[in-house]
There are 2 protein chains.
Amino acid sequence: MIERGAAQDALGYRPLYRQVRDVLVKRISDGVWQAGAAIPSEPELAADLGVSQGTVRKALDAMAAERLVVRRQGRGTYVARHDDARILFQFFKLVPDDGPARFPTSRFLSVGSGRADAAEASRLSLARGARVTRLERVRALDGEVCVHERIVVEKARFADLEKRELPNNLYEMYATSYGVPVARAVERLKAMGAPAGIAAALGVAEGAPLLQVDRVATAIDGAPVEWRLSLCRTDRVHYASDLR
Amino acid sequence: MIERGAAQDALGYRPLYRQVRDVLVKRISDGVWQAGAAIPSEPELAADLGVSQGTVRKALDAMAAERLVVRRQGRGTYVARHDDARILFQFFKLVPDDGPARFPTSRFLSVGSGRADAAEASRLSLARGARVTRLERVRALDGEVCVHERIVVEKARFADLEKRELPNNLYEMYATSYGVPVARAVERLKAMGAPAGIAAALGVAEGAPLLQVDRVATAIDGAPVEWRLSLCRTDRVHYASDLR
DNA sequence: CATAATTTGTCCGTATGTATC
DNA sequence: GGATACATACGGACAAATTAT
């Protein structure tokens, strides 16, 4: 399973624990171990892969640092799940100015599908004209609408999405119903004036300053999964960013 | 130097490598090892502290993950420096929409000192009325002014700051001239309309949407060092945020 | 409730590989 | 080539947490 020796690749040598990590990531990516499932114990994996327990340990530690797995002493190592707590901590950066982070509620405005335009094709790495599904919703904190979201995914990857009951936590649905866990996301933030249509939905005047969040979410293997364009009122809410 | 045994603290037991890490952090914080200096080798530290090399290694690995030190195979472990490359990568999140991140230029508008108001005292953990130094500057990318910054620091910690030649990279000056390295920063982002005075400096109309970045930078030990309130034009520039 | 088994966390020691000077 | 330093890999021992018995 694992190639030994330094002469594996003339160009790039990869440490053993790195190769072990890649094997384990692939098993998660292939669905051998589903989200929330327990991974075999360290001694089992070591025997299975023919390496020492310490090497397996280093690979799992690296994956825990990447938030791909969760380790619990005395219990085992589990594939990370997209429960609300994790989403709130890792992917939802909009926090009330006073008080702690809370999970927002959602109300869907429209669901439809069509063919990818240039921007959609580019962000999702699709061919121009590929079939996509589009969602539009507003989200509220404390009953106050503060975010408008336009969400685009590849239709082939998320079949019959428009016929489903759409949950508040979409990433959890991607992982559990479609086997596509979101591992990370890249966001580009700008300030812009509220467009006419969206201003009404957010209850602000046209041209009022809004925070635009342009997010591409990617899977474990780096492939883009979802493009999300959010417009946020930041009257009583701010975007929290931790630089370290 | 290091307390052994589990009975050290009835409430919170701390692993040995954690204690080692704290000792090493304190030495950096106390200026025993200056920014950019080489830390003693792993075997030396192990002998010095009376622990194994593996424990020292785990402590240094944790510090490397926190970006407090930089490890270089074959050379040694060094206290992290605030050179332009690091600032650009870790603390400067404003990136041109097309093209790679670049370091901005600065033009200082005013330097002065006074007594901390409520907001300043709160962010810097000072007593109301403590002496502070205030800087105001605009920054440009590609010759185009895009950021206005108001910067506040405690006067006692940064003596005679207003008499100095002020550099573009302030964090490097904090570290090398005052021995106060910035370890991390917490930012709160909002969209807001341009105030009258600042709109002119940025070359936009009053009320034009700007990105406000409210940043508190903290030292290794968590103490606040600087409060910085930035207002950014995001016409051709965006704030990059990586969620993982 | 107590005990044992399992699993991860911590700590140690040693050997070898790779990078740098 | 040699010396030094960090990186990788292995193995073993015990501690702490959890679960099953």
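Order of the sequence lines fixes the chain letters, A, B, ..., with proteins taken first and strands second; residue numbering starts at 1 for each chain.
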Within residues 54-64 of chain B, those residues having any heavy atom closer than 4.0 Å to DNA chain D are B:Arg57
If you count every heavy atom of other residues, nucleotides or ligands that lies below 6.0 Å from A:Arg102 atom CZ, does the total exceed 12?
yes
Should the ring pair B:Phe158 and B:Tyr174 be called parallel, tilted or perpendicular, given that the plane angle runs from 0 to 90° and is split at 30 and 60?
tilted
Does the pair B:Arg27/B:Asp48 count as a salt bridge with the N-to-O cut at 4.0 Å?
yes
Got a sec: does the CZ of B:Phe89 have more than 12 other heavy atoms crowding it under 6.0 Å?
no
A:Pro43 side chain: which of D:dC6, C:dT8, C:dG13 is closest?
C:dT8
Could you state the atom-to-atom distance from CZ of A:Arg21 to C1' of D:dA9 in whole Å?
19 Å
Would you kindly give the CD-to-P distance between A:Gln53 and C:dC12, to the nearest whole Å?
18 Å
What integer distance in Å separates A:Leu16:CG from C:dT16:P?
17 Å
Do B:Lys58 and B:Tyr17 form a cation-pi contact, if we require the NZ or CZ to be under 6.0 Å from the six-membered ring centre and within 45 degrees of the ring's axis?
yes
Under a 3.5 Å cut-off for both contacts, is C:dT16 paired Watson-Crick or G-U wobble with anything, and if yes, with which nucleotide?
D:dA7
Of all the choices, C:dC12, C:dG9, D:dA9, which nucleotide is nearest to the side chain of A:Glu42 once you look at every atom?
C:dG9
Can you find a side-chain donor-acceptor pair between A:Ser29 and A:Asp221 that sits under 3.5 Å?
no
Ordered by number, residues from residues 67-78 of chain A within less than 4.0 Å of DNA chain C (heavy atoms) are A:Arg71, A:Arg72, A:Gln73, A:Gly74, A:Arg75, A:Gly76, A:Thr77
Rounded to whole angstroms, how far apart are OH on B:Tyr17 and C1' on C:dC12?
16 Å
Within a 6.0 Å radius of atom CZ on A:Arg81, are there more than 12 heavy atoms belonging to other residues, nucleotides or ligands?
no
Would you kindly check if the NZ (Lys) or CZ (Arg) of A:Arg188 is within the cone defined by 45 degrees around the ring axis of B:Tyr239 and under 6.0 Å from the six-membered ring centre?
no
